[in-house]
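Atom set for the values below is all heavy atoms of this structure, side chains included, hydrogens, waters and symmetry mates excluded.
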Amino acid sequence: MLAVPEMGLQGLYGGSSPERSPVPSPPGSPRTQESCGIAPLTPSQSPKPEARAPQQALFSVVVAIDFGTTSSGYAFSFASDPEAIHMMRKWEGGDPGVAHQKTPTCLLLTPEGAFHSFGYTARDYYHDLDPEEARDWLYFEKFKMKIHSATDLTLKTQLEAVNGKKMPALEVFAHALRFFKEHALQELREQCPSLPEKDTVRWVLTVPAIWKQPAKQFMREAAYLAGLVSREDAEQLLIALEPEAASVYCRKLRLHQLVDLSSRAPGSGRLGERRSIDSSFRQAREQLRRSRHSRTFLVESGVGELWAEMQAGDRYVVADCGGGTVDLTVHQLEQPHGTLKELYKASGGPCGAVGVDLAFEQLLGRIFGEDFIATFKRQRPAAWVDLTIAFEARKRTAGPHRAGALNISLPFSFIDFYRKQRGHNVETALRRSSVNFVKWSSQGMLRMSCEAMNDLFQPTVSGIIQHIEALLARPEVQGVKLLFLVGGFAESAVLQHAVQAALGARGLRVVVPHDVGLTILKGAVLFGQAPGVVRVRRSPLTYGVGVLNRFVAGRHPPDKLLVRDGRRWCTDVFERFVAAEQSVALGEEVLRSYCPARPGQRRVLINLYCCAAEDARFITDPGVRKCGALSLELEPAEGGPHATGAPPSRREIRTAMQFGDTEIKVTAVDVSTNRSVRAAIDFLSN
């Protein structure tokens, strides 16, 4: 039987088909009209990005929030001058000598669970709390990755603060987004006092491209709760994929805004001049000057100098190396409008800068005991945060050619707590430890050799390189000329050196923007101004529904046979909407029509299924899982039974689904009245 008997709807069939019968399916079984069969998306011409231009006039300003694992920030631009990106104000607090274009993704709530502060303010206040008092406060850091790693993410998912207390993840994220909303709107009001707040701001939230639909929906729900936008004005919020945003920004750059890692001076940790990237495109420049028509189109489309030198069809990879993940995308530059086409579905994994922090924590466990570290984190949470801050400062100075050792301060609370717990001091622990590359310095600090620090990077860096190499081995990615290394972790000289050493021999040019840590944030602003710039994307999964088809002996398994009213049906057939890795253009629609099973029915639910395979036949096949539900909220049908007592005509609800955007979208229309039907896809209540 169908796995979704509760749907209460009937599909519409037309004509006679050898596999599908016009006879209504058993109650509760979804079916689809033959004329609206779910076939591969048609190659009909997609709307050009310019078709969205009139919609942009509704928003006076775009505000993008780059919600990162380790650091976050916002930026904005006005519709009157979309490429003039205004960065948020420098943040108060933090480490001396560090430019604070972003603030740490740290949230502090009072013992009662009320918002207290975010970012540097939260970190510094928590640092100054009395150790006993700090136990009651809820301090969250690096919590974004919990959404990625949760296999059963729902609106009730809990997050654990550093003191072990839990609260709903949705509330934690909403507190953070509300903080950014209030800061951004205050700055906008100061710059443009006459700017009305309502309906004038388009908000953009960044998420990793490898995030699945539930995580994207979770961020949207958090934005609703934070008051960024309302559900009725959902179009005011865009979800931007982080490597896509970086790609959109990089296409605007000129040569002097990029650094080619192959020009690194030998034997030093510093980047060399950009002479190599200039000369590498000199030949292409001469070729394109003979075809000035193509170049003119690109320049007029607003792409940067680098892209104007590239040929139409050139391919490149963006490797977004952030705090929590490495996120890879492959784009092809299209002429004449400079739009982008995704060539392979987003890939990557949990190989971010926090992996280095975890390696340091494991190192401390080897020296002082894993049980002690766990107890210290639980009973002295503020002191543990101090220790991670001290390590972060030294981590940023690590480089492949650094000569001197690095000193890492241990909080007094750590030293005192260890002596009370173990009965001897930390210096004794270091002498007894099998870790011989970490010593106790005369200044009362951990003294770590550069080789030891670089070793902490290796598991994470190796994972990043493996992901990139696996992507480059795909046939769809052949012909790549450039790799853009972006994201906060891409600032690391250790990572830059390792990527160049591993991929330089392939002839791949590894390029880093000068403002590498802000690339995604700035690109998210540009994406908000022109969301049609990424014209074609690849579906990461196969999506569809379960239906009944006419049973065909020899083709369908006997255990799928259902006999009802003398008709032979095959149950659990996986009817595909879109296939994994299928190219889908922005604006392309998959059309389906459904009929409510009963007159007066107010709601229709259709279970959605997904899998990584392209050729799944049944919703019970291995790897196929229920991933969400399409809901249609129906108004009462106009009219009713005719005076003669004849039954009313069947009511057709036509749905249109889009798989070519950053989120799966659906709209629906009541065919008889031509009125919109409230339609939504829920991936969180599975």
Tell me, with the steps shown, if R396 and E491 meet salt bridge (Lys or Arg N to Asp or Glu O under 4.0 Å). CA-CA 8 Å; R396 290 177 177 272; E491 296 176 341; 3.8 Å; yes

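- Within the 3.5 Å criterion, the main-chain N or O of G227 finds a donor-acceptor partner in the side chain of K181.
- Annotation: the span from T206 atom OG1 to K144 atom NZ amounts to 5.0 Å, rounded to 0.5 Å.
- Distance alone, capped at 3.5 Å, is enough to place a donor-acceptor pair between the S77 side chain and the P82 backbone.
- Of the possible donor and acceptor atoms, one in the side chain of T105 sits under 3.5 Å from a partner among the backbone N and O of G68.
- For E370, the CD atom is loosely surrounded, since the number of other residues' heavy atoms within 6.0 Å does not exceed 12.
- The heavy-atom pair separating S71 from K102 by the smallest distance is OG-CD, 3.6 Å.
- Using a 4.5 Å cut-off on side-chain heavy atoms (C-beta onward), M453 and R394 make contact.
- Partner Y74 forms a side chain to side chain donor-acceptor pair (under 3.5 Å) with one of E187, H183, H86 and no other, that one being E187.
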Side-chain donor-acceptor pairs under 3.5 Å in residues 168-179, sequence neighbours left out?
residue: H175; atom: ND1; partner: R178; partner atom: NH1; Å: 3.4
residue: R178; atom: NH2; partner: L225; partner atom: O; Å: 3.2

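- Remark: side-chain polar atoms of N407 are not paired, donor with acceptor, to backbone N or O of S441 under 3.5 angstrom.
- Taking OG1 of T388 as the start and CD of E141 as the end, the distance is 5.0 Å to the nearest 0.5 Å.
- When each of M167, K165, H116 is checked for a side chain to side chain contact (heavy atoms under 4.5 Å, CB included) with L109, only M167 meets the rule.
- Rounded to the nearest 0.5 Å, atoms NZ (K166) and CG (N163) are 12.0 Å apart.
- Atom-to-atom distance recorded for K142:NZ and T69:OG1 is 9.5 Å, nearest 0.5 angstrom.
- Annotation: side chain of L108 is in contact with side chain of W137 (closest heavy-atom distance under 4.5 Å).
- The ring pair (Phe, Tyr, Trp, His ring centres under 6.0 Å) with F414 is formed by just one residue from the set W384, F372, F391; it is F372.
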Between R202 and E235, does the salt bridge (Lys or Arg N to Asp or Glu O under 4.0 Å) criterion hold? Intermediate values first, please. CA-CA 8 Å; R202 162 169 274 173; E235 71 281 355; over 6 Å; no

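- The distance from atom OG1 of T375 to atom CD of Q379, rounded to the nearest 0.5 Å, is 6.0 Å.
- Counting only distance, with no hydrogens or angles, the side chain of T103 and the backbone of Y120 share a donor-acceptor pair below 3.5 Å.
- By the 30° and 60° cut-offs, the orientation of the rings of F376 relative to F417 is tilted.
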Intermediate values then yes/no, salt bridge (Lys or Arg N to Asp or Glu O under 4.0 Å), E221 and R231: CA-CA 9 Å; E221 294 290 340; R231 295 182 188 277; 2.6 Å; yes

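- Between R422 and D371, at least one side-chain nitrogen of the basic residue sits less than 4.0 Å from a carboxylate oxygen of the acidic one, meeting the salt-bridge criterion.
- Here the CG atom belonging to N454 is positioned 10.0 Å from the NE2 atom belonging to H497, to the nearest 0.5 angstrom.
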